[in-house]
Amino acid sequence: MMEIVYLLAGSAIILTCFYFIVSPFFSTNRETASGFEQWDGTLTLDSVYGAVNELEMDYLMKKIKEKDFLQLKEQYQLLAAELMKHESKPKGKENAASHSEEAELELLRELQKLRKQKGRI
């Protein structure tokens with residue numbers, strides 16, 4: 001009689017473990033899907049700076065190569081500069097060169113500020 005109880009208890013434990021191992025493969029990622037549905041499609045400077053910080057963290061943890069890191073970082077910096085240009089809209093062509101230098105300096109200042117806020121210098 002006790003053998004049947006042990007057999008049933010053991011079977012229940014094995015089935016429960018099997019369920020927890022197999023269920024993630026058949027479930028959908030509801031969290032990531034809902035995150036994409038909530039995204040309204042607008043880029044902000046904070047989101048670009050956050051992406052650069054995440055990229056730098058991946059590089060420091062040696063998850064990506066230096067060449068890829070530098071290329072992606074440059075692309076993000078150009079994107080942030082474009083966002084800053086659209087926010088302030090320069091009036092003349094002669095102001096464009098000085099404005100791009102200002103935008104680049106502002107980008108670096110904002111990046112330093114975000115790093116200090118997160119405690120990373």
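When reading the values below, keep in mind they use all heavy atoms of this one structure, side chains included, and skip hydrogens, waters and symmetry mates. Quick caveat: nothing in here was measured; it's all calculated off a predicted structure.
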Any pair counted as salt bridge (charged side-chain N to carboxylate O under 4.0 Å, His left out), so long as it reaches residues 75-84, sequence neighbours left out
Glu82-Lys85

If hydrophobic residues (ILVMFWY) are linked whenever their side-chain heavy atoms come closer than 4.5 Å, directly or via other members, who joins Tyr6 in its cluster?
Met2

Give, for atom CG of Leu70 and atom OH of Tyr59, the distance between the pair rounded to the nearest 0.5 Å.
6.5 Å

When rounded to the nearest 0.5 angstrom, what is the spacing between CG in Leu55 and CG in Asp68?
9.0 Å

In Å and rounded to the nearest 0.5 Å, what is the CZ to CG distance from Phe69 to Leu60?
7.0 Å

For Ile14, which fellow cluster members are found when Ile, Leu, Val, Met, Phe, Trp and Tyr are connected by side-chain heavy-atom distances below 4.5 angstrom, either directly or through intermediates?
none

Nearest-0.5 Å distance, NZ of residue Lys63 to CD of residue Glu54:
9.0 Å

I'd like to know whether Val52 forms a side-chain contact (heavy atoms from CB on, under 4.5 Å) with Leu72, so could you lay out the CA-CA distance, the side-chain angles of the two residues, the decisive distance to 0.1 Å, and finally the verdict.
CA-CA 8 Å; Val52 170; Leu72 289 170; over 6 Å; no

May I ask you to list the residues sharing a hydrophobic cluster with Leu108, side-chain cutoff 4.5 Å, ordered by chain and number?
none

Partner set under side-chain contact (heavy atoms from CB on, under 4.5 Å) for Glu74, not counting sequence neighbours:
Leu78

For Tyr49, all residues meeting ring-ring contact (aromatic ring centres under 6.0 Å, His included), sequence neighbours excluded:
none

What pairs with Gln75 under side chain to side chain donor-acceptor pair (under 3.5 Å), at least two apart in sequence or on another chain?
none

For Ser23, all residues meeting side-chain contact (heavy atoms from CB on, under 4.5 Å), sequence neighbours excluded
Tyr19

CG/Asn53 to NZ/Lys73 distance, rounded to the nearest 0.5 angstrom?
9.5 Å

Can you name the residues that form a side chain to side chain donor-acceptor pair (under 3.5 Å) with Glu106, not counting sequence neighbours?
Arg109

With a cutoff of under 4.5 Å between side-chain heavy atoms, which Ile, Leu, Val, Met, Phe, Trp and Tyr residues group with Leu8?
Ile4

side-chain contact (heavy atoms from CB on, under 4.5 Å) involving Val22 - partner list, sequence neighbours excluded:
Phe18, Phe26

Using side-chain contact (heavy atoms from CB on, under 4.5 Å) as the criterion, list what pairs up with Leu83, not counting sequence neighbours.
Leu43, Leu45, Val48

